[in-house]
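Note sheet for the following structure.
Given the structure is predicted, the values throughout are model-derived calculations rather than measurements. The chain is numbered in sequence order, starting from 1.
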Amino acid sequence: MSIAWIALTALIVLGLLAAVAQKMSGKDDPDAPAPVAASDCGSCDGSNSKCEQECMLEAAVKEIEYFDDEELDAYRGRPSDGYTDGEAEQFADILYSMRPEEVSAWNRSLILRGINVPDQIKDDFLLLLSESRQDPANNNP
């Protein structure tokens with residue numbers, strides 16, 4: 001029994017020594033992920049939810065950005081399945097007149113204003129949003 005305790009104690013001591021030696025050598029864990037540089041909201045690509053959350057918080061304290069769409073404020077609080085085709089067409093007209101890099105900012109604007117995108121154009125909206133996030137040229141402010 002005492003040999004088992006000695007072996008266990010030696011194993012623990014060796015483990016601690018190895019950990020201290022690694023810390024003192026200054027070498028990082030090779031399996032650790034590379035640190036991600038802090039990014040501004042113009043470079044959020046949708047792959048980092050923390051970036052999106054920080055940008056949404058940042059946008060919440062700033063003045064809301066409008067895209068010549070003030071008339072959409074009348075739809076504040078309306079559920080996405082509660083729009084007529086004519087009302088959805090108003091959203092579509094604005095969406096299809098935007099540059100791809102503006103779609104993400106328009107999405108933030110609508111969220112902060114409490115406006116839901118109509119179900120009738122949601123598929124197109126999400127497609128344009130994902131395309132704008134995948135194209136690195138669109139992530140530059």
Side-chain angles (χ1 to χ4, degrees), residues 1 3-141:
M1 178 84 150
I3 294 176
W5 283 108
I6 292 172
L8 182 61
T9 304
L11 204 66
I12 291 172
V13 170
L14 285 174
L16 290 173
L17 287 174
V20 169
Q22 184 176 5
K23 286 282 186 190
M24 292 179 69
S25 71
K27 293 182 181 177
D28 292 352
D29 181 13
D31 295 329
V36 177
S39 59
D40 63 2
C41 292
S43 64
C44 283
D45 62 0
S47 64
N48 184 344
S49 63
K50 184 176 180 185
C51 179
E52 290 292 324
Q53 290 171 350
E54 288 173 358
C55 290
M56 189 59 73
L57 288 172
E58 180 182 315
V61 297
K62 290 183 179 179
E63 191 172 320
I64 294 175
E65 182 179 5
Y66 283 85
F67 294 84
D68 293 327
D69 64 347
E70 291 81 4
E71 69 275 9
L72 299 182
D73 285 339
Y75 303 121
R76 180 176 285 130
R78 186 178 293 191
S80 63
D81 62 353
Y83 292 97
T84 66
D85 289 340
E87 292 168 339
E89 189 64 32
Q90 288 182 310
F91 284 83
D93 290 343
I94 295 165
L95 176 64
Y96 299 133
S97 68
M98 290 186 167
R99 295 187 317 260
E101 62 269 13
E102 293 178 320
V103 177
S104 182
W106 187 53
N107 181 43
R108 282 190 206 100
S109 174
L110 293 175
I111 291 170
L112 292 171
R113 292 157 55 194
I115 302 170
N116 293 309
V117 175
D119 285 347
Q120 293 95 319
I121 67 161
K122 199 172 277 186
D123 289 340
D124 289 344
F125 175 72
L126 292 174
L127 179 66
L128 290 171
L129 186 62
S130 67
E131 286 176 357
S132 74
R133 289 178 171 173
Q134 290 175 357
D135 185 358
N138 291 336
N139 290 329
N140 296 327

State, to 0.1 Å, how close [X] and [Y] come at their nearest heavy-atom pair, and which atoms those are.
X: S80; Y: Q120; answer: O-OE1, 4.4 Å
X: S109; Y: I64; answer: OG-CG2, 3.7 Å
X: N116; Y: P79; answer: ND2-CA, 3.9 Å

Problem set entry | salt bridge (charged side-chain N to carboxylate O under 4.0 Å, His left out) contacts in which one or both residues fall within residues 112-127, not counting sequence neighbours | D69-R113, D73-R113, D119-K122
Exercise. Which residue pairs pass the salt bridge (charged side-chain N to carboxylate O under 4.0 Å, His left out) test with at least one member in residues 84-93, sequence neighbours excluded?
Worked result: R78-E87
Problem set entry | Verdict with reasoning, I94 to L72, per side chain to side chain contact (heavy atoms under 4.5 Å, CB included) | CA-CA 10 Å; I94 295 165; L72 299 182; 3.6 Å; yes
Interatomic spacing from [atom1] in [X] to [atom2] in [Y] - rounded to 0.5 Å:
X: I121; Y: L127; atom1: CD1; atom2: CG; value: 12.5 Å
X: L110; Y: F67; atom1: CG; atom2: CZ; value: 8.5 Å
X: N107; Y: L128; atom1: CG; atom2: CG; value: 11.5 Å

Exercise. Would you say D81 has more than 12 foreign heavy atoms packed within less than 6.0 Å of its CG?
Worked result: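 Counting other residues, nucleotides and ligands, CG of D81 exceeds 12 neighbours.
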Exercise. Excluding sequence neighbours, so at least two apart, what forms ring pair (Phe, Tyr, Trp, His ring centres under 6.0 Å) with F125?
Worked result: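 For F125, the residues satisfying ring pair (Phe, Tyr, Trp, His ring centres under 6.0 Å) (neighbours in sequence not counted) are W106.
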For this session: Could I get the full list of side chain to side chain donor-acceptor pair (under 3.5 Å) partners for Y75, not counting sequence neighbours?
Result: Q90
